[in-house]
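All values derive from a computational prediction rather than experimental measurement.
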Amino acid sequence: MQIRLTVLGHGDAEGGTDVQVTAPDGTPLDAVLGTLATTVAPGASVPAVVFCEDRRLDPRRTALGSPPLVDGAVLAFHRPLDAAPVPAQVPATVLVVAGPDAGGVHLLRGGEARVGRSAEADVPLDDPDVSRTHCAIALHPDGSVTVTDLGSTNGTLLDGAPVRHGPVPVRSGALLRIGESVLRVVARRAAPPPVPPRPPAQVPAQRGGGRRGLAEWARERLGGAAPEAAEPVRPAPGGAVRRGEAAEARWPDLAAVLLMALDRGPRLWERGAAHPDAFTVRLGAAQQAPDVLPPVTVSLTDAGSLGLVGPRERLAGVARAVVAQLAASHPPGALELVALAPGRADAWSWLGWLPHVRPERGQDCSLLLGFDARQVAARLRELTRRLGVPGDGRRTVVLVDGDPGGADTRAALDRLAAEGPAAGIHLLVLAEAPSATASSPLAETLAAASAAVPALRDCGTVGVLTGPVATALRLVGAGGVPGPTAGADAVSPAWAERFARALAPVREDAATPPPPSASALPESCRLLDALELARVTPGALRERWARRSGLPLVLGTAAEGPLALDLAEAPGPVAVEGAPGSGRTELLSALAASLATGAGPGDLSLLLVEGAGEGLRPCAELPHVTSYVGATDPVRMRAFTQALRDELKRRAAVAAEGGPGGGVGALPWLAVLVDDFDALTSPPLGAPGRPAAGSVVRALDAVVQDGHTLRVRLIVAGALPGAAIRLALTGGPVGRAELRRPSAPAVPFQAGRVTARIPRTSTLRPTVTRLDWARAGDPPARRPVRELGNGPTDVALLASAAARAARGERAATPATLV
């Protein structure tokens with residue numbers, strides 16, 4: 001189990017230290033508390049008091065990985081965070097629904113709240129067109145709300161009407177336009193009891209405002225305001241919903257997106273790959289009607305890729321808003337996020353909290369991030385391998401911010417921009433340039449940006465920030481014709497981190513609690529432990545062989561303990577499926593070893609076939625193996641094919657003879673295990689075994705058709721049409737898999753491993769490491785396994801003991817096929 005936390009020490013107010021904790025499931029906080037303290041401050045003593053946000057924890061009874069100690073949580077030593085008492089219900093809420101500092105959620109508890117550009121404002125806005133003290137919103141004891149303009153330069157509009165004198169009454173759901181920002185006021189219908197005047201509360205701005213502090217705030221502190229905020233559609237006169245209002249609900253504003261993540265309501269991850277609005281994002285709003293905000297949207301499916309052009313600070317805010325919308329609307333099963341931002345880890349490290357950046361396709365990295373040239377090159381290699389390959393329905397959005405590196409890397413990025421959309425890969429390309437103005441027309445700005453960032457030319461739609469302060473936006477389509485000017489929506493870095501932390505612990509099956517197996521599975525399983533072979537001795541193996549029934553096959557560990565099936569009762573072939581790096585060859589090796597512990601060489605023969613590489617070679621030492629054939633030896637491949645055909649004919653003849661005490665039942669079992677079956681069915685040009693591969697495949701087809709009645713079983717690593725049993729490696733820890741059988745629910749399990757050396761128990765101790773986000777795109781650090789001297793691997797131990805046990809067997813060993 002691994003979780004990522006932020007720890008605040010004595011003097012930390014905002015930053016804190018991000019750490020990763022690796023520990024067995026169920027480990028109490030007490031086991032790592034001292035290490036956490038010294039990681040934050042070397043030489044620090046174990047803290048006497050620990051808080052998770054504002055909740056005091058009992059370190060002996062609070063388990064890592066269980067709420068509240070989940071991904072993204074914030075621990076504070078000695079003092080709580082944001083623990084000021086808050087009313088159970090909030091009478092009114094101010095939502096910043098559009099503009100250059102969108103997404104803010106501010107709670108009105110009574111009295112006057114000042115809105116402005118000043119940092120001292122109760123509702124601060126990073127909007128150059130807003131005055132330092134622009135207007136005041138007041139919540140009165142009877143529950144009514146009013147607004148007063150405070151002599152602002154650009155004025156205040158309430159549902160399109162200027163606020164010339166104050167105070168002016170504000171209805172619930174009304175829109176306040178100040179500068180380029182739009183605020184929506186949502187008031188509770190019932191008047192609350194009078195409360196003393198005080199400034200509004202805000203979502204905590206400090207780093208790590210996340211887990212209970214944010215989620216509880218959304219549920220408990222907003223009271224009834226959150227549902228109204230999430231559904232801003234209001235009937236027009238006569239009961240009809242206007243087009244602009246329906247669009248507002250269809251593409252929520254950024255305040256609603258934040259609430260969506262905090263409260264994890266029904267709209268979170270509502271868009272699967274088949275959703276009509278999938279991969280469509282809102283870039284801003286056209287300020288046409290006075291009391292609605294018609295969204296300006298772009299469909300990545302139609303555009304292919306999206307480019308954004310403008311000054312750095314404003315450009316990054318719009319890009320953060322785009323990525324946050326995608327992550328809130330689409331589950332990780334439908335959307336994968338990748339970032340290519342060399343030298344800009346500080347700007348994009350918040351992405352590391354999102355579940356969408358976890359590698360699920362066998363990529364060799366901790367997170368799908370590229371913050372230096374080597375990481376960017378690795379991400380591009382992973383992505384370009386998928387070009388021209390049929391997709392699995394899951395789309396990938398790649399953020400490109402900065403020069404990717406050398407000529408080869410630039411060429412790979414250009415190819416990805418041109419061919420990626422057809423493979424379900426869409427780019428979000430950022431290009432720094434001055435804002436388009438009268439002195440720098442839009443066409444010139446776009447041409448200069450495309451020359452600096454060539455990938456921009458392949459973007460079907462480009463959003464160009466315009467105006468003297470770059471708070472407006474115009475979309476330019478493939479034809480080069482710009483659309484109307486709209487207000488651009490952007491979010492701050494603090495908003496983005498709050499949002500990402502809220503999603504950090506969420507999983508797609510959160511709506512239905514996972515079965516116990518989901519949390520009970522270990523990250524690694526030693527096959528000998530699953531076989532309950534504490535000591536691998538010839539006597540122990542002979543005892544197992546003597547009590548054999550059927551053809552037992554132990555797969556690994558499930559929630560309830562070892563998971564096994566009887567291969568003798570299998571209705572057909574077994575397929576081991578999984579992406580590269582998921583542990584497919586290791587699982588196939590474990591199956592060979594498992595079969596060897598269930599039956600002696602006199603009762604079972606194993607045939608090992610390599611489609612590519614030599615992954616099964618360690619298993620060739622088992623005394624049960626009568627043939628080991630590699631795809632690099634065409635002569636042996638042809639001999640193996642002929643021998644296998646002859647064996648099938650011999651078994652068929654024995655079956656035809658039958659008779660008392662004879663027939664097929666008297667024959668030993670024969671199991672054929674094939675690794676990299678895909679390399680046999682489609683061998684690459686130039687492969688040494690290419691001429692003989694077809695004959696091997698035809699012989700295996702004969703096993704599929706006739707082997708079941710002849711005590712011959714086939715296990716294949718790769719795609720095998722018609723396989724009756726599938727062992728699907730699902731990603732996550734190497735070896736995490738599911739047993740899938742017809743008309744039966746899938747059973748998750750951790751596959752057994754046999755080629756690793758025996759670990760010392762000390763490697764299971766919890767560890768705490770500082771998170772260096774700049775290195776998150778590197779291959780994951782392999783925890784060094786301390787071996788018992790130069791001792792053998794588990795499969796070598798098993799092969800040696802099985803060979804000695806076989807010499808003591810009186811049963812005859814079948815002849816070698818090849």
Side-chain angles (χ1 to χ4, degrees), residues 71 230-231 233 246-254 256-283 295 297-306 321-339 351 353-363 368 383 386 389-399 420-428 460-461 499-500 502-515 518 577-579 726 728-732 736 738 740 745-746 748:
D71 262 336
E231 299 181 9
V233 178
E248 280 188 76
R250 188 174 174 187
W251 290 286
D253 60 72
L254 288 160
V257 167
L258 178 59
L259 292 173
M260 196 186 302
L262 295 173
D263 208 26
R264 302 175 194 170
R267 299 206 66 178
L268 181 66
W269 294 351
E270 68 177 352
R271 300 180 190 174
H275 193 280
D277 295 330
F279 311 106
T280 298
V281 293
R282 168 178 176 158
L283 293 181
T297 62
V298 172
S299 167
L300 292 179
T301 305
D302 296 336
S305 292
L306 171 64
V322 170
V323 175
Q325 289 178 71
L326 289 168
S329 300
H330 305 83
L335 171 69
E336 175 183 73
L337 291 175
V338 180
L351 291 172
W353 298 106
L354 293 174
H356 305 72
V357 300
R358 297 184 182 120
E360 300 290 348
R361 302 177 190 262
Q363 300 100 325
L368 298 175
L383 291 165
R386 292 164 48 193
V389 178
D392 56 4
R394 187 186 190 206
R395 292 182 181 264
T396 301
V397 173
V398 184
L399 171 78
I425 302 172
H426 308 276
L427 302 189
L428 175 61
T461 300
F499 167 83
L503 288 187
V506 184
R507 300 295 181 265
E508 287 187 66
D509 56 358
T512 56
E577 303 171 342
R726 299 181 183 275
L729 291 143
T730 56
R736 186 59 53 87
E738 287 183 349
R740 299 173 181 173

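When every heavy atom of Val257 is checked against every heavy atom of Pro252, the shortest pair comes out as CG2-O, 4.2 Å. Nearest heavy-atom pair, Arg740 versus Ala746, reported as atom, atom and distance to 0.1 Å: CG-CB, 4.1 Å. The two residues Ala339 and Leu351 make their nearest non-hydrogen contact at CB-CD1, 3.7 Å. Here the closest heavy-atom approach between residue Asp71 and residue Ala504 is recorded as O-CB, 3.6 Å.
Under the side chain to side chain contact (heavy atoms under 4.5 Å, CB included) rule, Leu428 has a single partner from Val322, Val338, Leu300, Leu337, which is Val322.
Scanning for side chain to side chain donor-acceptor pair (under 3.5 Å) contacts around Arg386 gives Glu336, Thr396, with sequence neighbours left out.
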Practice task
Please step through side-chain contact (heavy atoms from CB on, under 4.5 Å) for the pair Arg394 and Glu360, ending with a clear verdict.
Solution key: CA-CA 11 Å; Arg394 187 186 190 206; Glu360 300 290 348; 3.6 Å; yes
Practice task
Give the C-alpha distance, both sets of side-chain angles, the deciding distance and a yes or no for side-chain contact (heavy atoms from CB on, under 4.5 Å) between Leu268 and Leu503.
Solution key: CA-CA 10 Å; Leu268 181 66; Leu503 288 187; 3.7 Å; yes
Exercise for the section: Assess whether side-chain contact (heavy atoms from CB on, under 4.5 Å) is satisfied between Phe279 and Arg395, documenting all intermediate values. Expected result: CA-CA 9 Å; Phe279 311 106; Arg395 292 182 181 264; 3.2 Å; yes
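Inter-residue side-chain proximity for Arg358 and Pro332 is flagged as unmet; no heavy-atom pair is nearer than 4.5 Å.
Judged by distance alone, with hydrogens and angles left aside, the side-chain atoms of His426 form a donor-acceptor pair with the main-chain N or O of Gly304 at under 3.5 Å. No donor-acceptor pair closer than 3.5 Å links the side chain of Gln363 to the backbone N or O of Leu368. With hydrogens and angles ignored, the 3.5 Å screen pairs a side-chain donor or acceptor of Arg264 with a backbone N or O of Ala502.
Here the CG atom belonging to Asp263 is positioned 10.5 Å from the CG atom belonging to Leu258, to the nearest 0.5 angstrom. Note that the OG1 atom of Thr297 and the CG atom of Leu283 stand 8.0 Å from one another [nearest 0.5 Å]. Arg726 contributes atom CZ, which lies 4.5 Å from atom CD of Glu577 (distance to the nearest 0.5 angstrom).
The aromatic rings of His356 and Trp269 sit perpendicular, their planes meeting at an angle over 60°, well past the 30° parallel limit.
Salt bridge annotation for Asp277-Arg282: absent, with no cationic side-chain nitrogen under 4.0 angstrom from a carboxylate oxygen.
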